[in-house]
Student: 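Sharing a structure, written as structure tokens. Questions coming.
The sequence lines fix the lettering, A, B, ..., with proteins before strands; numbering per chain opens at 1.
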There are 2 protein chains.
Amino acid sequence: MRRDIFQAIADPTRRAIITLIALQAMTPNAIADNFNTTRQAISKHLRILTECELVKQEQQGREIYYSLEIEKMKEIDIWMNQLRKIWEARFNQLGHVLSTMKKTKK
Amino acid sequence: MRRDIFQAIADPTRRAIITLIALQAMTPNAIADNFNTTRQAISKHLRILTECELVKQEQQGREIYYSLEIEKMKEIDIWMNQLRKIWEARFNQLGHVLSTMKKTKK
DNA sequence: ACTTTGAGCAACCGATCAGTTGCACGTATA
DNA sequence: TATACGTGCAACTGATCGGTTGCTCAAAGT
């Protein structure tokens, strides 16, 4: 199974779950109350989120509290920053080309 | 069709395409040279990226150059920042709880 | 002990996805 | 004008997805 973060956050329901549990740990039932689906469907989403370590569980009696693994979210930042770097490199390159053109003109 | 950015970047091939054209505009054929798939498959990916405005086209004779729409990428930043805000709010709240506990202890 | 409650797991279903093959169309080039 | 090239589009296929229903199991409540 090729579960990665980007696939995990692709689904709107999963993004909503992430937003929900970002504020406080919640049980599957409590999470499901916020959606128009069955608890099992939410459970499936939680399994996917757990599989790619975006979420961690904490058993408390027969209840399981799910909370966000903030560190893992940074992987998205990392990708975005890599992209920004490439973009800036391109921008500098363009600047270089422009200054070269200027020089040539001289 | 519910094409949104998050679904667009869920696919690894599409992320690779984004990284490729972030540096410079490229034609579908040139892009396809970097992958083990057919040109048509890449064309499909480009259509999806175009549909959610992550990519823009520029016709040049019979060739079409695709380049990255950096502004659109910021939508990911926006979501991440919203999440960060929630996370920080939670952190402050936790701090408040801790200080309240301290006071109670006194 | 019996019942209720919270939760995960498995099997199924329709929809969507990523990829392929085949085709059509416009633009260069000979 | 005939041919090669670059591209998009449509139809098909196997795989995956998101969701439902039904089951089991363990922990709480009576």
Student: Let's go through B/Leu83 and A/Ile70 carefully: what are the C-alpha distance in whole Å and the side-chain angles of both, what is the deciding distance for side-chain contact (heavy atoms from CB on, under 4.5 Å) to 0.1 Å, and is it a yes or a no?
Tutor: CA-CA 10 Å; B/Leu83 208 63; A/Ile70 271 284; 5.5 Å; no
Student: Hey, is the side chain of A/Gln59 poking within less than 4.0 Å of OP1 or OP2 on D/dA27, counting only N and O atoms?
Tutor: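 Checking D/dA27 against A/Gln59, no side-chain N or O comes under 4.0 Å of OP1 or OP2.
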Student: How does the hydrophobic cluster around A/Ile86 look, that is, which other residues are in it when side-chain heavy atoms under 4.5 Å mark a link?
Tutor: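 Other cluster members: B/Leu23.
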Student: Just grab all the salt bridge (charged side-chain N to carboxylate O under 4.0 Å, His left out) pairs involving residues 77-87 of chain A, residues at least two apart or on different chains.
Tutor: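 Sorted pair list: A/Asp77-B/Arg84, A/Arg84-B/Asp77.
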Student: On DNA chain D, does the nearest nucleotide to A/Gln60 precede the nearest nucleotide to A/Arg14 from the 5' side, or the other way round? Give the residue.
Tutor: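 Nearest nucleotide further toward 5': that of A/Arg14.
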Student: Enumerate all atom pairs, one protein N or O and one N or O from nucleotides 4-11 of chain C, separated by less than 3.5 Å.
Tutor:
from, atom 1, to, atom 2, distance (Å)
C/dT5, O2, A/Arg62, NH1, 2.5
C/dA7, OP1, A/Ile64, N, 3.3
C/dA7, OP2, A/Asn29, N, 3.1
C/dA7, OP2, A/Asn29, ND2, 2.9
C/dA7, N7, A/Arg39, NH2, 3.2
C/dG8, OP1, A/Tyr66, OH, 2.2
C/dG8, OP2, A/Ser43, OG, 2.8
C/dG8, N7, A/Arg39, NH1, 3.2
C/dG8, O6, A/Arg39, NH2, 3.1

Student: Quick one: side-chain contact (heavy atoms from CB on, under 4.5 Å) partners of B/Lys56, sequence neighbours excluded?
Tutor: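 If we apply the side-chain contact (heavy atoms from CB on, under 4.5 Å) test to B/Lys56, skipping adjacent residues, the hits are B/Ser67, B/Glu69.
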Student: Between B/Gln7 (CD) and D/dT16 (C1'), how many Å, whole number?
Tutor: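 The answer, rounded to whole Å, is 13 Å.
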Student: Whether B/His45 contacts C/dG19 is assessed here as follows: a side-chain N or O lying under 4.0 Å from the phosphate OP1 or OP2. Is that the case?
Tutor: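 Yes, B/His45 has a side-chain N/O under 4.0 Å of OP1/OP2 on C/dG19.
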Student: Under 4.0 angstrom, heavy atoms only, what part of the nucleic acid is B/Ile48 near: base, sugar-phosphate, or nothing?
Tutor: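 Sugar-phosphate only.
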Student: In whole Å, what is the span from the CD1 atom of B/Ile42 to the C1' atom of D/dG6?
Tutor: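 In whole Å, D/dG6 C1' lies 15 Å from B/Ile42 CD1.
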Student: Write down the distance between CZ (B/Phe35) and C1' (C/dT20), rounded to a whole number of angstrom.
Tutor: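 Going from CZ in B/Phe35 over to C1' in C/dT20 covers 17 Å.
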Student: Could you list all the ring-ring contact (aromatic ring centres under 6.0 Å, His included) pairs where at least one residue sits in residues 26-81 of chain A, not counting sequence neighbours?
Tutor: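 Listed by first then second residue: A/Phe6-A/Trp79.
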Student: Strictly by side chain to side chain donor-acceptor pair (under 3.5 Å), give each pair with a member in residues 24-39 of chain A just once, sequence neighbours left out.
Tutor: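 Not a single pair qualifies under side chain to side chain donor-acceptor pair (under 3.5 Å).
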Student: Could you check how far CD1 of B/Ile31 sits from C1' of C/dG19, rounded to whole Å?
Tutor: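 These atoms are roughly 17 Å apart.
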